[in-house]
Amino acid sequence: MAEYVEAHLAPYAVHSATSAGRCYTEPVSVSRTEFQRDRDRIIHSTGFRRLEYKTQVFVNHEGDLFRTRLTHSLEVAQIARSIARNLRLNEDLVEAISLAHDLGHTPFGHAGQDALNVCMKDYGGFEHNMQSLRIVDTLEERYGAFDGLNLMFETREGILKHCSLTNAKKLGAIGQRFIDKKQASLEAQLANLADEIAYNSHDIDDGLRSGLLRLEQLKEVDFYAHHHHLVEQTFPGLSGRRVIYETLRRMMDAFILDMIATSEARIAQSKVRNLNEVRNSTALIGLSEGMHAEMLLLKRFLRENLYLHYQVNRMTSKARRVIVELFEIFMAEPSLLPPDYQTHQIVKEGEAAKVTQARKIADYIAGMTDRYAMREHRRLFAVDEI
Ligand code: MG
């Protein structure tokens with residue numbers, strides 16, 4: 001069965017049979033490929049369920065219909081899978097990477113990560129990609145024989161999409177490609193770009209829904225205006241949400257079709273025949289120059305008009321304070337931490353003990369959902385809260 005599922009894959013796709021495998025050897029499944037198993041392990045993990053209550057741009061309590069990290073990850077997986085199927089890449093692997101790519105995010109999105117990184121600067125820093133890998137490698141507690149989920153090398157490699165050289169040197173085999181300046185699999189490259197297509201599109205939708213973005217502003221972005229105009233031509237008199245969705249749909253489709261065609265051409269031109277040649281090649285999954293430029297303009301528009309909107313800034317500022325104050329109080333008084341996160345009784349005094357404790361606190365804070373972080377902050381700082 002498992003062999004049959006992967007029989008149609010292109011030779012340059014990742015195959016279970018030639019994978020670098022798992023850290024701990026496990027019996028082969030009779031019903032699923034190795035990457036189907038990885039996807040399933042991720043879906044059943046605690047970290048995955050936490051994504052439901054973590055911020056994408058809008059904090060979870062701001063509205064029920066905004067994207068969360070969970071719905072964002074599902075949209076990334078949808079885009080990545082449809083492209084993978086066209087390119088005959090390993091759909092299960094791109095799905096696994098897409099679903100796991102944001103596991104390491106703190107509460108309150110990037111604001112939370114930046115704040116935690118500042119708190120951790122003397123203790124090795126904090127970076128959400130590294131944390132995603134840490135979750136699947138060590139923090140998930142689901143198996144008797146090992147820590148983490150024991151995922152396949154190529155899934156872990158895809159999850160670690162960026163990494164500083166300093167961190168890469170500490171990671172062994174999984175960090176080696178950053179040192180050697182080699183590529184990850186095509187599946188990893190694909191999940192990475194699908195992430196950008198997904199958020200550029202859904203952040204426009206959420207931005208409009210929230211009222212922070214106005215349609216008139218968006219029409220100043222040529223790419224949006226072009227597709228908006230096409231919709232008006234096709235459906236004269238159409239108004240409201242349907243116009244926006246028809247426009248976003250066309251934009252997303254344009255990116256996806258361009259990415260399939262561009263990547264197909266690059267793969268053919270490179271003549272790669274297997275994963276090893278993919279690693280030694282240049283990045284083969286991508287957009288054409290013209291569409292890449294459109295993507296950058298959209299990103300810039302969103303940064304200037306949505307991510308740095310004063311109302312978003314207010315939440316960002318509040319989020320930063322919550323994270324910093326939680327970190328500081330736990331460092332000063334580790335006895336306030338739940339017992340699982342206390343190390344002061346087992347680790348000797350000194351700098352190493354402090355680093356261990358700081359990392360535990362970072363794990364605790366990073367694992368919080370938005371609302372849990374706010375509740376925990378109230379429990380610790382509001383005198384009338386228990
Ligand atoms: Mg993402």
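Both counts, for ligands and for their atoms, begin at 1 and track the order of listing. These figures come from a predicted structure and were not determined experimentally.
The N, O or S atom of Asp102 with the smallest distance to the Mg ion (ligand 1) is OD2. Closest N/O/S atom of Asp195 to the Mg ion (ligand 1): OD1. Restricting His101 to its N, O or S atoms, the one at the least distance from the Mg ion (ligand 1) is NE2.
Remark: Arg37 engages Glu34 in a salt bridge, criterion side-chain N to carboxylate O under 4.0 Å. The residues Glu26 and Arg41 are annotated as salt-bridged, a charged nitrogen and a carboxylate oxygen being separated by less than 4.0 angstrom.
Closest of all the heavy-atom pairs between Leu160 and Arg177 is O-NH2, 2.8 Å.
Partner of Leu186 under the side-chain contact (heavy atoms from CB on, under 4.5 Å) criterion, out of Asn90, Leu93, Val94, Leu284: Leu284 alone.
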